[in-house]
S.K.: 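Would you mind keeping the following structure in view while I ask a few things?
A note on names: the letters A, B, ... follow the listed sequences, proteins ahead of strands, and every chain is numbered from 1.
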Amino acid sequence: MRIKEAAARLGLSPRAIRFYEEKGLIAPAKERSSQYRTFDEDDVRRLQTIVALREAGLGIDDIQKALPAGGKDDGGAAGEVARHLELRRSEMVSAWVELKRMIETVDGMLAMLASEQALPTDAMFRLAQEARDVRELRSSWQDVWDYDGLAETHDDRVAESSGEYTAYAEALGLIVSWIAAAPGEEGLDLGTGTGNLAGMLLRQGAKMAGVDQSLAMLQRCRAKFPEIETKVGNLLAIPYTAGKFDFVVSSFALQHLSAGQLRLALEEMLRVLKPRGRICIADLMTSGDRVREQLAEAFPGHKPLAALAELSGYFERRGYVVKIRRIHGLLHVVYAVPIR
DNA sequence: ATTCTAACA
DNA sequence: TGTTAGGA
């Protein structure tokens with residue numbers, strides 16, 4: 001068939017199809033003399049997947065990467081497509097959170113305008129400043145640590161650091177015993193990595209979900225624990241709707257956040273938690289902001305660590321009872337339960 | 001009547 | 001990607 005018929009069949013314009021060819025997404029045969037494009041069933045099938053991926057919001061270049069460069073489809077492409085769709089999904093959640101933020105800012109400004117006669121310039125400007133700070137905090141969260149690259153050896157390294165392995169295992173064990181998941185409860189593990197903590201809670205009978213920035217880590221996790229639902233995403237824009245989980249846990253993830261980012265992450269945890277939901281965190285923590293700053297200066301390459309006082313204060317102000325245990329060195333476990 | 005390339009919006 | 005021009 002020629003381009004018009006193919007376009008009609010796929011709901012595309014002929015121009016769009018030529019454009020896809022120009023971008024290297026398809027390579028239809030051309031008639032010798034006329035240079036007219038000729039589309040066979042394979043071409044149509046490929047165009048169908050392109051249309052589908054476009055509808056999912058993938059850009060032309062993403063589709064280019066997701067689809068095997070060869071002219072025709074082959075079997076092993078599903079994984080690549082899934083990988084790009086997950087990345088896309090994660091971006092969309094971030095954009096969604098951004099939008100939500102912006103709506104709140106607009107609401108705040110409207111509220112100001114409703115009560116004042118003149119333009120409340122100062123107040124609006126301050127609100128805008130705060131909003132901008134939050135946005136910049138979010139966007140400054142990058143994969144500084146290259147966890148995709150570390151995924152393959154992650155579990156080995158955890159097991160090898162024998163001195164700290166005991167502490168690592170002890171911390172995870174304490175989370176599991178403090179959370180004491182009832183069968184069927186829904187839990188979320190933030191920064192789940194290869195799923196070690198989530199796996200333990202899974203065995204306890206909980207229905208677990210895991211979020212991690214690194215898809216490579218999650219692929220390990222899926223291989224180890226197929227029952228865990230995993231999503232790519234970051235802690236500042238958790239890819240779940242509000243009020244979904246009975247408990248949220250996190251181990252060795254918050255240490256990578258700055259103080260401002262930590263506050264956003266905590267907000268996000270409370271958002272996805274049910275009203276009576278509980279939180280348990282194992283991480284490197286310092287006794288106070290001063291110590292944390294000193295450490296940050298001493299180790300310029302590292303992010304500031306979470307401050308214990310900040311953490312517990314944050315929860316207590318919101319009506320939680322906080323329990324803390326020091327495991328080893330800076331490693332602490334913090335448990336927060338709403339006051340009944 | 002269709003399709004093609006190229007350039008511009 | 002849509003549009004338009006100029007050709008085959």
S.K.: Just how far, in rounded Å, is P of B:dC4 from CZ of A:Arg32?
M.R.: 16 Å
S.K.: Would one find a side-chain N or O of A:Arg2 under 4.0 angstrom from OP1 or OP2 of B:dT2?
M.R.: no
S.K.: Any side-chain N or O of A:Ser13 below 4.0 angstrom from OP1/OP2 of C:dT1?
M.R.: no
S.K.: Figure out the CD/C1' separation between A:Glu31 and B:dT3, and round it to whole Å.
M.R.: 10 Å
S.K.: For A:Leu12 and C:dT1, what is the distance between atoms CG and P respectively, to the nearest whole Å?
M.R.: 7 Å
S.K.: Taking 4.0 angstrom as the limit, do A:Glu86 and A:Lys231 come out as a salt bridge?
M.R.: no
S.K.: Do A:Arg318 and A:Tyr314 meet the cation-pi criteria used here (NZ or CZ under 6.0 Å from the six-membered ring centre, within 45° of the axis)?
M.R.: yes
S.K.: Check this for me: does any side-chain nitrogen of one of A:Asp155 and A:Lys224 sit under 4.0 Å from a carboxylate oxygen of the other?
M.R.: yes
S.K.: When you check the gap from the basic side-chain N to the acidic O, do A:Glu41 and A:Arg9 get nearer than 4.0 Å?
M.R.: yes
S.K.: What's the spacing between A:Thr241 OG1 and A:Trp96 CH2 if we round to 0.5 Å?
M.R.: 10.0 Å
S.K.: According to a hydrophobic-cluster definition based on side-chain heavy atoms being under 4.5 Å apart (Ile, Leu, Val, Met, Phe, Trp, Tyr only), do A:Leu10 and A:Met1 belong together?
M.R.: yes
S.K.: Let me know the distance between CD1 of A:Ile3 and P of C:dA8, rounded to the nearest Å.
M.R.: 20 Å
S.K.: Side-chain N or O of A:Lys30 less than 4.0 angstrom from OP1 or OP2 on B:dT5?
M.R.: yes
S.K.: Looking at A:Tyr20, does any N or O in its side chain come under 4.0 Å of the phosphate oxygens OP1/OP2 on C:dT1?
M.R.: yes
S.K.: Between A:Arg37 and B:dT5, does any side-chain N or O lie under 4.0 Å from OP1 or OP2?
M.R.: yes
S.K.: Between A:Asp42 and A:Arg45, does any side-chain N to carboxylate O distance fall below 4.0 Å?
M.R.: yes
S.K.: Let me check I have this right: for DNA chain C, each base becomes ., (, ), [, ] or |, based on Watson-Crick or G-U pairs with both distances under 3.5 Å. What is the full string?
M.R.: ||||||.|
S.K.: What integer distance in Å separates A:Phe19:CZ from B:dA7:P?
M.R.: 16 Å
S.K.: Given C:dT1, is OP1 or OP2 found less than 4.0 Å from the side-chain N or O atoms of A:Arg54?
M.R.: yes
S.K.: Any N or O donor-acceptor pair linking the side chain of A:Arg15 to the base of C:dT3 at under 3.5 Å?
M.R.: yes
S.K.: Of the nucleotides C:dT1, B:dT2, B:dT5, which one has an atom closest to the side chain of A:Arg18?
M.R.: B:dT5
S.K.: Where each residue is assigned the nucleotide of DNA chain C containing its nearest heavy atom, which of A:Tyr36 and A:Ile60 is assigned the position nearer the 5′ end?
M.R.: A:Ile60
S.K.: Measure from CD on A:Glu22 to P on B:dA6 and round the result to the nearest Å.
M.R.: 9 Å
